[in-house]
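See below for the structure under consideration.
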Amino acid sequence: MNQPAIFTPELKKRADQICANYPVKRAAALPVMRLVQETYGSISEDAELEIADYFQIPPMGVRELMTFYTLFYSKPKGKCHLQICRTLSCALRGAEELIRDMEEKLGIECGRTTEDGQFSLDHVECLGACEKAPAGQINQEYAGPLTKEKLFEIIKQYDVSKA
Ligand code: FES
């Protein structure tokens, strides 16, 4: 690989510090990917290649982690990232309907970001917060039980034009 653009000396130093906490370097793949995403807002294809290079694993290894874990994404998310769980407990308590309500309110399909970059809407699998079903995550915060009204209120806080 030529000159790495993602792993700057500073980022590499931080990644090395993370890896030092694990007996095997590649066991630190998830936290290092998280570091890359926090630094750049997403993990681009170039970043995937550099991560693979850093861990000396095939690029497909990183791709598999990207597709398995919904917490990683290849394009930056909106300022307000709404993630709604649609696994059994949440599905039984109306998650699919909530997702449809949010699609209508935001004018986007699930999995998309509004044109102004304010909102992203995604469904996720069980967040381990089933007792709060229907549960979700607003940026880094768990939320639930969610209702249409609570979500509208959150949207209003981020963007009064959608109130
Ligand atoms: S099923 Fe939704 S949080 Fe577990």
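Note that ligands are numbered from 1 as they come in the structure, with each ligand's atoms numbered from 1 the same way.
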Do D116 and T114 pair up side chain to side chain, a donor and an acceptor below 3.5 Å, judged on atom types alone?
yes
Supply the members, apart from L92, of the Ile/Leu/Val/Met/Phe/Trp/Tyr cluster built from side-chain contacts under 4.5 Å; use none for a lone residue.
L88
Flag, side chain of Q37 to backbone of Y73, donor-acceptor distance under 3.5 Å:
yes
Is it the case that more than 12 heavy atoms not belonging to Y40 sit under 6.0 Å from its OH atom?
yes
Atoms of the protein (N/O/S only) found under 2.8 Å from atom 4 (Fe) of ligand 1
C126 SG, C130 SG
How would you list, by chain and number, every residue that makes a side-chain hydrogen bond (donor to acceptor under 3.5 Å, both in side chains) with K77, sequence neighbours excluded?
D122
Could you work out, with side-chain hydrogen bond (donor to acceptor under 3.5 Å, both in side chains) as the rule, every residue matching E115, not counting sequence neighbours?
none
